[in-house]
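Each remark here refers to the structure printed beneath this line.
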Amino acid sequence: MDKWITQNSISEFPQTQSLRRGIRTFKPRRSRITKSQQYAVDNSQELIIDFQNEFLNWPHQPIPLYLDIGFGNGVSTLAFARAEPESAFLAIDVHTPGVGDLLSKLHEREITNVRVMETDAIAVLENMIRPRSLSGIYTLFPDPWQKARHHKRRIVQQGIMDLMHSRLTSGGFWHIATDWSHYAESISDLFAQPSNTKKWSRGDQTRPERAVTRYEERAISEGRAVTDFHFLVN
Ligand SMILES: C[S@@+](CC[C@H](N)C(=O)[O-])C[C@H]1O[C@@H](n2cnc3c(N)ncnc32)[C@H](O)[C@@H]1O
């Protein structure tokens, strides 16, 4: 394989229980990784956390911990981390070039309150995050999985909602943004179900202070509205 091409295979990722066996919310991608991304990955051991089957021991003091699931190239993670330097942010994605981008920006800007994981975030939530320990979770522009037969791969689905709920503190939030109206409708419908309204409240839906990612830029240029959801654990 070309030195600067990475290809994740599904078997490299830990198995999850919240999704049916063999189902993933992402598709492994064959991606070109630049020398600088690879350099950042090879030289950032202090910022990388590997998957393990035990609870995470970071941050070392009781400060708010937030997850950015599917951070892409990390522009939102950076903005959150800079806005809240006293909080900790765990950024998780399966896409190696994006991991390299985020790591090199963290070095450049000397940001120390972010750790990065290159693995399936669902397995991390199940195995490494203590129940009722997270202050918030961001899932910005999750893959929409447009075809009906792929809806089972969407990250916003009942089993994963229950998992998120169990890991958040009371009052903790799950913030979701999507530019696909049919996904927004399905998110709305799911959270409006009586069994879910007992567990979640809808917070302020206005767009919070966050970076404009390339997904949002594309949505705006193609005339699609972006919907922000902010759900709070009751
Ligand atoms: C459409 S992109 C959005 C990226 C970024 N949030 C943004 O707004 O630019 C969705 C990202 O989620 C990642 N992803 C999907 N499911 C994931 C999972 N279970 N664990 C980690 N990353 C995941 C994909 O690899 C991809 O980078």
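Ligands are counted one by one from 1 in listed order, and the atoms in each one are counted from 1 as well. In this text, all values refer to a predicted model and were calculated from it rather than measured experimentally.
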Quiz item: Does a donor on one side chain sit under 3.5 Å from an acceptor on the other, for Glu118 and Thr96?
Solution: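 There is such a pair between these side chains.
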
What pairs with [X] under side-chain hydrogen bond (donor to acceptor under 3.5 Å, both in side chains), at least two apart in sequence or on another chain?
X      : answer
Lys152 : none
Arg130 : none
Ser201 : Asn234

Quiz item: Taking Glu126 for the side chain and Ser18 for the main chain, is one N or O donor matched with an acceptor at less than 3.5 Å?
Solution: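 A pair under 3.5 Å: yes.
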
Practice problem: Mark yes or no for whether Arg115, through its side chain, and Thr112, through its backbone, hold a donor-acceptor pair below 3.5 Å. | Solution: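 Yes: the side chain of Arg115 pairs with the backbone of Thr112.
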
Quiz item: Near ligand 1, which residues have a heavy atom under 4.0 Å away from one of its atoms?
Solution: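 Residues within 4.0 Å of ligand 1: Thr25, Phe26, Arg29, Gly70, Phe71, Gly72, Ile92, Asp93, Val94, Thr119, Asp120, Ala121, Ile122, Leu140, Phe141, Asp143, Thr213, Tyr215.
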
